[in-house]
Amino acid sequence: MCGIAGIVSHQNVNQELYDALTVLQHRGQDAAGIVTCEKGRFYLRKDNGLTRDVFSNEQMMKLKGSMGIAHVRYPTAGCSSSAEAQPFYVNSPYGITLAHNGNLTNIKELKKQLFVDDQRHINTDSDSEILLNIFAHELQQLGKLRIDANDVFQAVSAVHRRCRGAYAVVIMIAGFGVLAFRDPHGIRPMVFGERKTDKGSDFMVASENVALSVLGFELTRDIEPGEAVFIEATGKLHTKQCSDVVDHCPCIFEYVYFARPDSIIDDISVYKARLRMGEKLADKVLREWQDHDIDVVIPIPDTSRTSALQMANRLGVKFREGFMKNRYIGRTFIMPGQKMRKKSVKQKLNAIDLEFEGKNVLLVDDSVVRGTTSEQIIQMARDAGANKVYFASAAPPVRYPNVYGIDMPAVEELIAHNRTEEEVGEAIGADKMIYQNLNDLIDAVQKGNSKVKHFDTSCFNREYITGDIDDAYLDRINKLRNDDAQSERSSDKCIIDIQNTV
C-alpha cells in the first residue's frame, strides 16, 4: 500500500507536499519522495524512511516550483531498497515523473514488451517503473514536440489497454502539468479538489481526501475508475474517461484497515463503515451466542476502536481502553521476518491490568492476518488477569493473498488458511473466536454508497476481479512473499537481471 499526492499551485508546493505525506504516512512507512518542477526542471528528493526523516530543511529548500508530486511507500513483492523509492523519472519524452499506488498483475508480459518491442530499460523490480515507461512510450509514439491534454489522455487509454491490476497514478510532465488516473476497476482510491486563491484556482490530487482538507482544498470528487484528470501548469483542469470498459470494484480492505477513519472513499465514509462493521459483528454475537458472558469490550489500537465501540453499545456491555500504544513502532504485519514482528508487538502495546483483572474480555481487532500479534495480545490479556479472553475480527478470515497492492504474507503464513474459525481461535489461544461474515462486511460498507455494486474481497474468497490470476501466478507471489524470501531481499541490492525480462 502506498500514498500519493500531486499539486498544481500559484505558490511553492514543497511544504504542502510534505504536509500531505505526513497525513498519508499510514499508507506507507518504508520510503518517501517528493519531486517538484520549476521552469521545466525537476527537483527530486527520495529515500528510505518516514517523511520526517527523509526531508531536512536544507533539502526542502531545494525543492523549488509551483507544481509537484509526492509518494510514501511500503514494499510489496519488491525489495525495500532506496532504489525503489518513488517518484520514478524518465527523461524521454519531455521529462516525466510518476508515483503509483497498487500492483500490476501482468508485469512479466509487460517487462518483455518493454525490452523487446519498446526498447526501454527497466532498472528495478518495481511495477511502478514499468507503468512509467509504458506511459512514456505511448506518449512518445505520438511523435509531437508539443502535446496537449488530448494527447495525454490518449496515452492513458493505451496504458489501460496494456496494463492489468490495480493502479492509482500521479504523473508530472516537465513544464506541462500534473496527471492522475485510476485503473478501470478503481481498486485503489484517488480524489481531487480545488482551492480558490486571489491568483486563481490551485488543484490537488491525493489517495485520500483528508490530505486535501488539511491543506485547505475543497474536495471536488473521487476520480472515477478509468478516468484521468489533467491539470496544466497554468491551472487549467481537464477530465476524461479513458477506458472503454469500466467495472467499479474498490478494495474493501481500505475500509477495514488501511484508510484513515476520517476519509471518504468513493462517497463512503470510512468511519461510518467501521461503525456498521461493529453493529454487524454484535448482531452475529446476539444471534449465535445469546447467553454470552462478556463483561467488557476492549479494542486493539487503533483501527478497531470505532467498530469495538459500536459493538459494545449494541451488546450493552462496557467499553474500555485496555491497551496503551507506543506510537513510534511501525505496523507489525508489514515488517519483514517473524522474529522482528514478535519483538515489535511486545514493544508496541502495554496492558492496563485494572481493565482485565477477573473479567471475561472480548478483544476486537480490525482483522487477523498472520495471527502473531493476536496470539501475543491474548497472552498479554491473560497475564493482566483476564478470566476468559474472547477475540473478534471486524473482517472475515483472511485466507488468500492480496495481489492488488497490499503486502499480505505468503499463503501458508496466513493464520486462517486451511483452518476453520474454531481452529484459528485455538491457534491464537482465544477462548472463542468471532469473525465477521463476508456478506455482513459488504453490507456494512455498501450501505454508504449503493451505487458501488461490488468490492474486491479476494483475500477473503479468492475471487480476483481482474480475471487473470491463476494458481501459477499465486505460486510465484507466494515465493516472493514468504519470510525467507523477504529476509533474502532485505540483504540484497535488488539489481535486476535483464536476461530475466526476455
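Atom set for the values below is all heavy atoms of this structure, side chains included, hydrogens, waters and symmetry mates excluded.
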Exercise. Evaluate side chain to side chain contact (heavy atoms under 4.5 Å, CB included) for N360 paired with I294, printing each intermediate quantity in order.
Key: CA-CA 5 Å; N360 297 333; I294 301 167; 5.7 Å; no
Quiz prompt | Verdict with supporting geometry, K479 and D475, salt bridge (Lys or Arg N to Asp or Glu O under 4.0 Å) | solution = CA-CA 6 Å; K479 292 176 181 177; D475 185 59; 3.4 Å; yes
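- The pair E279-K272 fails the salt-bridge criterion, with no side-chain N (NZ, NE, NH1 or NH2) lying under 4.0 Å from an Asp/Glu carboxylate O.
- Atom CD of E463 and atom CG of L438 lie 8.5 Å apart (nearest 0.5 Å).
- Side chain of Q86 to backbone of H100: a donor-acceptor contact under 3.5 angstrom is found.
- In this structure, the separation between CE on M190 and CD1 on I4 is 3.0 Å, given to the nearest 0.5 Å.
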Exercise. Using the side chain to side chain contact (heavy atoms under 4.5 Å, CB included) rule, take R305 and F319 through it: C-alpha gap first, then chi angles, then the decisive distance, then the call.
Key: CA-CA 10 Å; R305 185 173 285 112; F319 173 87; 4.1 Å; yes
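- Residue pairs meeting the salt bridge (charged side-chain N to carboxylate O under 4.0 Å, His left out) criterion with at least one member in residues 386-400, sequence neighbours excluded, are D293-K388.
- In the displayed structure, D470 atom CG is contacted under 6.0 Å by more than 12 heavy atoms of other residues, nucleotides or ligands.
- Contact detail for M277 and Y255: the closest heavy-atom pair is CE-O, 3.6 Å.
- The shortest side-chain heavy-atom distance between L363 and F323 falls under the 4.5 Å cut-off.
- Contact of the M204 side chain with the L215 side chain is registered, since non-hydrogen atoms from C-beta on lie closer than 4.5 Å.
- The minimum heavy-atom distance linking E321 with P299 is given by the pair OE1-CG, 3.8 Å.
- Across all their heavy atoms, E208 and A259 have their closest contact at OE2-CA, 3.5 Å.
- Of the possible donor and acceptor atoms, none in the side chain of E227 sits under 3.5 Å from a partner among the backbone N and O of R182.
- Between the side chain of D127 and the backbone N or O of L104, at least one donor-acceptor pair lies under 3.5 Å.
- Atom OH of Y271 sits in a sparse spot, with 12 or fewer heavy atoms from other residues, nucleotides or ligands closer than 6.0 Å.
- In E357, the CD atom is not crowded: 12 or fewer heavy atoms of neighbouring residues, nucleotides or ligands sit closer than 6.0 Å.
- In this structure, OG on S157 lies 8.5 Å from CD on Q241, to the nearest 0.5 angstrom.
- At distances below 3.5 Å, at least one donor-acceptor pair connects side-chain atoms of S213 with backbone N or O atoms of V210.
- Judged purely by distance below 3.5 Å, without hydrogens or angles, the side chains of H454 and D247 pair a donor atom with an acceptor atom.
- The closest donor-acceptor contact from the side chain of S243 to the backbone of V246 lies at 3.5 Å or more, if one exists at all.
- With contacts defined as side-chain heavy-atom distances shorter than 4.5 Å, the pair T22/V214 does not qualify.
- Side-chain atoms of M1 and R188, non-hydrogen and from C-beta on, do get closer than 4.5 Å to each other.
- For the residue pair V72 and L24, the shortest heavy atom distance occurs at CG2-O, 3.5 Å.
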Practice problem: Go through the steps for E129 and K111 under the test salt bridge (Lys or Arg N to Asp or Glu O under 4.0 Å), then give the verdict. | Solution: CA-CA 10 Å; E129 189 186 13; K111 277 184 178 180; over 6 Å; no
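- The closest donor-acceptor contact from the side chain of N402 to the backbone of M408 lies at 3.5 Å or more, if one exists at all.
- With contacts defined as side-chain heavy-atom distances shorter than 4.5 Å, the pair N101/V170 does not qualify.
- Side chains of T51 and Q25: a donor on one and an acceptor on the other come within 3.5 Å.
- In this structure, W289 and Y390 have side chains that are in contact, with non-hydrogen atoms separated by less than 4.5 Å.
- Considering T466, T105, D183, N103 in turn, T466 is the only one that fulfils the side chain to side chain donor-acceptor pair (under 3.5 Å) rule with Y404.
- Residues satisfying the side-chain hydrogen bond (donor to acceptor under 3.5 Å, both in side chains) criterion with R195, sequence neighbours excluded, are E16, D202.
- Summarising the geometry, atom CG belonging to N437 is positioned 10.5 Å from atom CD1 belonging to I442; distances are rounded to the nearest 0.5 Å.
- One finds the CG atom of D266 at 4.5 Å from the CG atom of D222 (value rounded to the nearest 0.5 Å).
- Here the CD1 atom belonging to I415 is positioned 8.0 Å from the OG atom belonging to S374, to the nearest 0.5 angstrom.
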Quiz prompt | Derivation and outcome, salt bridge (Lys or Arg N to Asp or Glu O under 4.0 Å), residues D295 and R320 | solution = CA-CA 10 Å; D295 295 319; R320 291 290 185 268; over 6 Å; no
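- Separation of the Y257 and H26 ring centroids does not fall under the 6.0 Å cut-off.
- Judged purely by atom type and a 3.5 angstrom limit, T239 has no side-chain atom pairing as donor or acceptor with the backbone of V229.
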Exercise. Output, in order, the C-alpha distance, side-chain angles, deciding distance and verdict of side chain to side chain contact (heavy atoms under 4.5 Å, CB included) for C459 and I406.
Key: CA-CA 10 Å; C459 59; I406 297 177; over 6 Å; no
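- Summarising the local packing, CD of E218 is surrounded by 12 or fewer heavy atoms from other residues, nucleotides or ligands at distances under 6.0 Å.
- Under the 3.5 Å distance criterion, the side-chain polar atoms of Q436 are left unmatched by any main-chain donor or acceptor of A395.
- Of the possible donor and acceptor atoms, none in the side chain of D366 sits under 3.5 Å from a partner among the backbone N and O of F258.
- With hydrogens and angles ignored, the 3.5 Å screen pairs no side-chain donor or acceptor of E421 with any backbone N or O of I434.
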Quiz prompt | Evaluation steps, side chain to side chain contact (heavy atoms under 4.5 Å, CB included), between R221 and F192 | solution = CA-CA 6 Å; R221 58 178 173 84; F192 73 100; 3.7 Å; yes
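- Here the shortest heavy-atom pairing between E355 and G322 reads CB-CA, 4.3 Å.
- Separation of the F253 and F455 ring centroids does not fall under the 6.0 Å cut-off.
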Exercise. Applying salt bridge (Lys or Arg N to Asp or Glu O under 4.0 Å), run through D471 and R462 and close with a yes or a no.
Key: CA-CA 11 Å; D471 289 339; R462 206 178 184 270; 2.4 Å; yes
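- Remark: K284 NZ is packed, more than 12 non-hydrogen atoms of other residues, nucleotides or ligands lying under 6.0 Å away.
- At a threshold of 4.5 Å between non-hydrogen side-chain atoms, the residues V424 and P397 do not count as touching.
- Closest non-hydrogen pair, Y464 versus P401, comes out as OH-O, 2.7 Å.
- Between C251 and the choices I465, V256, T457, D456, the side-chain contact (heavy atoms from CB on, under 4.5 Å) rule is met once, by D456.
- Between F391 and E375 there is no side-chain heavy-atom pair separated by less than 4.5 Å.
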